[in-house]
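Below: the structure, in structure tokens.
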Number of protein chains: 2
Amino acid sequence: MIWERPEPGERRSVRLSRQAVTAAAVALADAEGLEAVSLRRVAAALGTGPMRLYGYLDSKDDLLDLMMDAVCGEIPPPPPGDWREELRAIARDTQRTARRHPWYVTLLGTRQPYGPNGLAYSERLFAAVARLGLPARLTVHAVDAVRAYIAGFLQLELLPGPEAEPGEEKLAYLARSVATGRYPTLAWIIAEFEAVGPDEAFAEGLERVLDGIAAARPGAS
Amino acid sequence: MIWERPEPGERRSVRLSRQAVTAAAVALADAEGLEAVSLRRVAAALGTGPMRLYGYLDSKDDLLDLMMDAVCGEIPPPPPGDWREELRAIARDTQRTARRHPWYVTLLGTRQPYGPNGLAYSERLFAAVARLGLPARLTVHAVDAVRAYIAGFLQLELLPGPEAEPGEEKLAYLARSVATGRYPTLAWIIAEFEAVGPDEAFAEGLERVLDGIAAARPGAS
DNA sequence: GCCCTTCTCGATACAGCGTATCGACACGAT
DNA sequence: ATCGTGTCGATACGCTGTATCGAGAAGGGC
């Protein structure tokens with residue numbers, strides 16, 4: 001009888017793609033942090049099993065590379081402008097993007113962004129600095145300074161720490177540490193400290209770097 | 001008979017201390033990388049079991065904090081000098097220390113160094129910059145720029161990537177990417193690229209940052 | 001249609017992880 | 001000696017990444 005016969009099985013498997021896998025992983029990391037991204041969790045979010053993902057990547061490390069490159073791909077090219085304006089725009093947009101995916105800064109501690117989007121990002125940094133007409137060597141140094149600053153600062157901003165709007169516990173910790181008298185300059189800074197927003201801090205620090213780059217131009221000293 | 005009687009059991013447990021646990025973990029990370037540091041492995045290196053470590057720390061995360069602070073403790077205070085000299089010395093010694101423990105840059109992607117040694121490190125940065133007599137706000141920005149640059153650059157240096165003396169495979173990857181024509185400035189840089197040692201690159205980038213800080217002094221423009 | 005080959009999929013397994021739990025033992029106080 | 005407390009380590013649990021293998025699907029040849 002018809003009612004006793006199993007219905008034709010639905011298409012068993014879910015359509016996958018590398019892009020879909022990556023997006024699921026990014027969504028999971030955004031929702032619960034990087035530690036929540038396991039192959040099982042990603043696969044479950046896609047309605048399949050973990051071993052299926054191995055058709056699209058070789059290892060979990062590959063997945064992390066893909067996730068990093070996806071974030072790089074969200075950072076837009078800068079509007080055309082002079083070298084400083086372009087670098088400022090890149091820096092700002094990197095910050096915005098990293099805030100949407102704070103786990104990105106953790107990935108910066110384990111790998112370099114050399115996927116296609118990561119290379120495009122580098123290209124833009126180099127193109128902006130190349131406007132200065134510096135020799136290749138100095139251009140590399142300048143780009144290194146900018147990108148290192150951006151990455152380093154975003155880690156300062158996005159990782160929990162005493163300087164980054166800590167909860168009561170961390171401030172109390174800092175106050176106790178400073179009360180030991182072992183950190184006098186830090187004590188002065190904290191006493192004088194007016195909460196500076198990370199946007200301003202980031203921009204000001206960047207200006208220091210850009211001023212330093214400007215000083216490297218022939219005839220600039 | 002004497003030969004059949006068990007000998008009095010030796011002292012069952014091994015002496016532990018937080019310092020010993022940390023040192024064992026650091027040694028393991030140095031030898032095999034951060035991923036090799038499991039509580040089981042650390043405990044085994046100490047001749048005991050993993051649960052024993054919980055008498056000295058609450059979690060594996062605590063262990064990573066301790067490891068980070070231990071590395072900060074290896075970075076010596078700078079010899080007294082002017083502000084630039086002191087910052088250069090701090091930067092150089094940070095680089096040296098990080099090279100001995102390359103996993104330190106990975107930890108910089110997951111936590112901030114606010115242990116006692118980490119605070120001492122901050123104190124030294126602040127003390128050097130404070131010689132400039134800038135207001136607290138500008139001092140914070142300057143220190144942020146320096147420390148962010150140091151951390152960011154060390155990640156560029158110590159993590160595998162196309163720019164960092166790659167094996168044949170990565171260079172071939174870069175060459176292929178550049179051959180797409182999508183990264184023209186990168187192509188120019190690679191064509192002009194003379195292998196620059198990381199020491200020089202680090203120092204040059206740092207000078208850009210220090211020049212920028214110098215430019216922030218009243219009357220410096 | 002049937003049979004064979006190849007590919008895909010997913011269940012199962014394994015070794016390892018961090019950490020909770022609990023029984024055994026040691027030690028100190030009475 | 002007995003009792004209470006603390007320490008230790010074995011065991012267990014839920015989770016991880018990934019190897020493995022059997023079942024089923026799909027395609028091609030006859």
Side-chain angles (χ1 to χ4, degrees), chain A residues 5-22 24-68 103 106-107 109-111 160, chain B residues 5-22 24-68 103 106-107 109-111 160:
Chain A
R5 292 200 320 253
E7 204 162 311
E10 302 214 338
R11 181 180 181 89
R12 295 278 178 91
S13 57
V14 167
R15 265 193 181 286
L16 286 189
S17 67
R18 194 175 285 172
Q19 194 274 328
V21 174
T22 307
V26 167
L28 196 52
D30 288 346
E32 302 183 39
L34 203 51
E35 338 74 58
V37 180
S38 68
L39 295 191
R40 284 174 166 87
R41 294 284 309 272
V42 173
L46 292 165
T48 189
M51 297 312 299
R52 186 77 191 284
L53 304 189
Y54 286 91
Y56 300 89
L57 40 91
D58 288 341
S59 65
K60 171 149 183 200
D61 222 46
D62 277 354
L63 179 59
L64 300 176
D65 281 337
L66 288 173
M67 289 168 71
M68 177 179 246
W103 45 269
T106 298
L107 290 183
T110 64
R111 72 206 54 247
Chain B
R5 292 196 324 250
E7 204 161 311
E10 301 214 339
R11 182 180 178 89
R12 295 276 180 94
S13 57
V14 166
R15 268 192 179 285
L16 286 188
S17 66
R18 195 175 284 173
Q19 195 274 329
V21 174
T22 307
V26 167
L28 195 52
D30 289 347
E32 301 182 40
L34 202 51
E35 339 74 58
V37 179
S38 68
L39 294 190
R40 285 172 165 87
R41 294 284 310 272
V42 173
L46 292 166
T48 189
M51 298 311 299
R52 187 78 192 284
L53 304 189
Y54 286 90
Y56 300 89
L57 41 91
D58 288 340
S59 65
K60 173 152 182 200
D61 221 47
D62 278 354
L63 179 60
L64 300 177
D65 281 336
L66 289 173
M67 288 168 73
M68 177 179 247
W103 45 268
T106 298
L107 291 184
T110 63
R111 72 209 52 248

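Throughout, protein chains are lettered first and strands after them, A, B, ... in sequence-line order, and every chain is numbered starting at 1. Computed from a prediction, not measured in an experiment: that's the story for all the values here.
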B:Leu39 CG to D:dA12 C1', straight-line distance once rounded to whole Å: 16 Å
Interatomic distance, A:Leu63 CG vs D:dT18 P [rounded to whole Å]: 10 Å
Side chain B:Arg40, main chain B:Pro50, donor-acceptor under 3.5 Å: no
Under-4.0 Å side-chain N/O to phosphate OP1/OP2 contact, B:Ser38 with C:dG16: no
Residue pair B:Leu16 / B:Leu53, side-chain heavy-atom distance below 4.5 Å: yes
Between D:dT18 (C1') and A:Tyr56 (OH): distance, integer Å: 18 Å
Atom-pair distance (CE on B:Met51; P on C:dC25), nearest Å: 20 Å
A:Asp61 CG - D:dT18 P separation (whole Å): 8 Å
Distance, rounded to the nearest Å, where A:Arg41 contributes CZ and D:dC15 contributes C1': 11 Å
5' precedence on DNA chain C between A:Arg40 and A:Gly49 (nearest-nucleotide basis): A:Gly49
B:Lys60 side-chain proximity, nearest of C:dG18, C:dC9, D:dA10: C:dG18
A:Leu28 CG to A:Glu35 CD distance, which is reported to the nearest 0.5 Å: 10.0 Å
Length of the CD-C1' vector between B:Glu35 and D:dT16, whole Å: 15 Å
Over all atoms of both residues, closest heavy-atom pair of A:Arg41 and A:Ala36: CG-O, 3.5 Å
Closest to the B:Tyr54 side chain, choosing from D:dA19, C:dT19, D:dT16: C:dT19
side-chain N/O A:Thr48 vs C:dC9 OP1/OP2, d < 4.0 Å: no
Minimum-distance pair of heavy atoms, taken over all atoms of A:Leu46 and A:Ala20: CD2-O, 3.9 Å
Interatomic distance, B:Leu53 CG vs C:dT19 P [rounded to whole Å]: 10 Å
Sugar-phosphate, base or nothing in reach of A:Val42, heavy atoms under 4.0 Å: nothing
